[in-house]
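In listed order, ligands and their atoms are each counted from 1. Hydrogens, waters and symmetry mates are skipped; everything else that's a heavy atom, side chains included, is used.
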Amino acid sequence: MIEQARQLIDGASAAVSFSGAGLSAESGLATFRDADGIWARYDPAVYASVRGFETDPDGVSEWYRLRRRSFASAAPNAAHWALATSNMVHVTQNIDTLLEKAGAESIVHLHGVLDRDRCHAQCGHAEHIDVSDPPALRRCPRCNAYMRPDVVWFGENLPAVEWNAAEAAIDGADLLLVVGTSGEVWPAAGLIHSAHRRDIPIVVVNADPTSVSPLATVELVGKAAELLPAILGQNPEGSSIM
Ligand code: BV8
Ligand code: ZN
């Protein structure tokens, strides 16, 4: 299976990676839907939704403050390094910047990033955040609405620029590498289905089978930090075997 995956990837000239929380799990960042995942402790309908924030802006801001601090100490794992040294376009649902830290170039964050705040009233004001020293709930200096993490909450549209870039990447891809996602969040998950309709090879790397499994040309069940270096032709330190 690893050999088959490697051959498919070696034969591609416009491969795209599509990743979720499982890519960053071995960097110590909790996933969403695993038993010890974030949503097991915090209901996403409350903590990652507009209604949740407007009901309890301080509680949601404090939750993101905790997550920001945990992001500050996280480092890329071998899976990030392996992806970074491939010349793929990286479409990710993750709001961490571990792919950037591993030196990956073309990255599309479908659900935003955690090192930026924006005005909740969308007046246009946004600020970079030092995740090692995250601020508490505060007002927008321009229009006085609340500032909130520049991430996409349930019930919010995805940013048009990123969505269009992701669709264009999938439309031009000749292979899709899906890593560490349960494929349950839409419209992001729909990108995997679009690739499947285009009949391009889909390599899935995931710790468990998911609803995406039937779409896979090859599915490798296991840890991304072990499997990605193997199928992208590097040893775990990230240097090429070739
Ligand atoms: C929208 C950002 C239009 C913030 C997140 C009913 C049916 C279908 C859809 C809907 C529905 N009702 C509502 C919807 C739409 C909704 C949705 O999809 N809901 C689902 C859950 C039912 N979507 C939306 O609301 C989206 N917006 O549709 O806009 C609109 C406008 C107005 C009104 C209505 C609609 C916005 C969705 C974005 C939400 N934002 N997060 C934050 O992060 O704090 S969601 C969150 O889920 C993250 O972004 C995360 O990335 C994403 C997906 O989760 P995964 O990354 O896949 O993580 P998960 O834990 O699920 O899976 C991890 C996998 O890794 C597991 O399979 C595990 O086995 C594997 N793994 C673990 N360890 C490893 C590993 N694999 C390899 N190696 C390991 N070591
Ligand atoms: Zn504002």
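Between the side chains of Gln122 and His120, no donor N or O sits under 3.5 Å from an acceptor N or O. A donor-acceptor contact closer than 3.5 angstrom is absent between the side chains of Ser194 and Glu167. Side-chain atoms of Asn77 and Ser24 include no donor-acceptor pair closer than 3.5 Å.
The pair Glu127-Arg138 meets the salt-bridge criterion, with a side-chain N (NZ, NE, NH1 or NH2) lying under 4.0 Å from an Asp/Glu carboxylate O.
Judged by a 6.0 Å distance limit and a 45° cone about the ring axis, Arg65 is not positioned over the six-membered ring of Trp63.
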Please list, one pair per line, the donor and acceptor atoms closer than 3.5 Å that link side chains of residues 182-192 to other protein atoms, with sequence neighbours excluded.
none

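Among residues two or more places apart in sequence or in another chain, the ring-ring contact (aromatic ring centres under 6.0 Å, His included) test is passed with Phe71 by none.
For the Zn ion (ligand 2), protein N/O/S neighbours under 2.8 Å (waters excluded) are Cys119 SG, Cys123 SG, Cys140 SG, Cys143 SG.
Contact of the Val221 side chain with the Asn206 side chain is not registered, since no non-hydrogen atoms from C-beta on lie closer than 4.5 Å.
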Ligand 1: protein N/O within less than 3.5 Å of ligand N/O:
unit_1: ligand 1; atom_1: 18 (O); unit_2: Trp186; atom_2: N; d: 2.7
unit_1: ligand 1; atom_1: 18 (O); unit_2: Trp186; atom_2: O; d: 3.3
unit_1: ligand 1; atom_1: 23 (N); unit_2: Trp186; atom_2: O; d: 2.9
unit_1: ligand 1; atom_1: 25 (O); unit_2: Gly155; atom_2: N; d: 2.8
unit_1: ligand 1; atom_1: 27 (N); unit_2: Glu156; atom_2: O; d: 2.8
unit_1: ligand 1; atom_1: 29 (O); unit_2: Glu156; atom_2: O; d: 3.1
unit_1: ligand 1; atom_1: 40 (N); unit_2: Val152; atom_2: O; d: 2.7
unit_1: ligand 1; atom_1: 43 (O); unit_2: Arg67; atom_2: NH2; d: 3.3
unit_1: ligand 1; atom_1: 44 (O); unit_2: Tyr64; atom_2: OH; d: 2.7
unit_1: ligand 1; atom_1: 44 (O); unit_2: Arg67; atom_2: NH1; d: 2.5
unit_1: ligand 1; atom_1: 47 (O); unit_2: Arg33; atom_2: NH1; d: 3.4
unit_1: ligand 1; atom_1: 47 (O); unit_2: Arg33; atom_2: NH2; d: 3.4
unit_1: ligand 1; atom_1: 49 (O); unit_2: Gln93; atom_2: O; d: 3.4
unit_1: ligand 1; atom_1: 49 (O); unit_2: His111; atom_2: ND1; d: 2.7
unit_1: ligand 1; atom_1: 51 (O); unit_2: Gln93; atom_2: O; d: 3.4
unit_1: ligand 1; atom_1: 54 (O); unit_2: Arg33; atom_2: NH1; d: 2.7
unit_1: ligand 1; atom_1: 56 (O); unit_2: Ala21; atom_2: N; d: 2.8
unit_1: ligand 1; atom_1: 57 (O); unit_2: Thr181; atom_2: OG1; d: 2.7
unit_1: ligand 1; atom_1: 57 (O); unit_2: Ser182; atom_2: N; d: 2.9
unit_1: ligand 1; atom_1: 57 (O); unit_2: Ser182; atom_2: OG; d: 3.3
unit_1: ligand 1; atom_1: 60 (O); unit_2: Phe32; atom_2: N; d: 2.7
unit_1: ligand 1; atom_1: 60 (O); unit_2: Arg33; atom_2: N; d: 2.7
unit_1: ligand 1; atom_1: 61 (O); unit_2: Arg33; atom_2: NH1; d: 2.5
unit_1: ligand 1; atom_1: 61 (O); unit_2: Ser182; atom_2: OG; d: 2.6
unit_1: ligand 1; atom_1: 62 (O); unit_2: Ser182; atom_2: N; d: 3.3
unit_1: ligand 1; atom_1: 65 (O); unit_2: Gly180; atom_2: O; d: 3.4
unit_1: ligand 1; atom_1: 67 (O); unit_2: Asn206; atom_2: ND2; d: 2.9
unit_1: ligand 1; atom_1: 69 (O); unit_2: Asn206; atom_2: ND2; d: 3.2
unit_1: ligand 1; atom_1: 69 (O); unit_2: Asp208; atom_2: OD2; d: 2.5
unit_1: ligand 1; atom_1: 76 (N); unit_2: Ala207; atom_2: N; d: 3.1
unit_1: ligand 1; atom_1: 78 (N); unit_2: Ala224; atom_2: N; d: 2.9
unit_1: ligand 1; atom_1: 80 (N); unit_2: Glu26; atom_2: OE1; d: 2.8

- Test side chain to side chain donor-acceptor pair (under 3.5 Å) on Glu100 and His90 and set out the steps. CA-CA 10 Å; Glu100 287 84 346; His90 304 292; over 6 Å; no
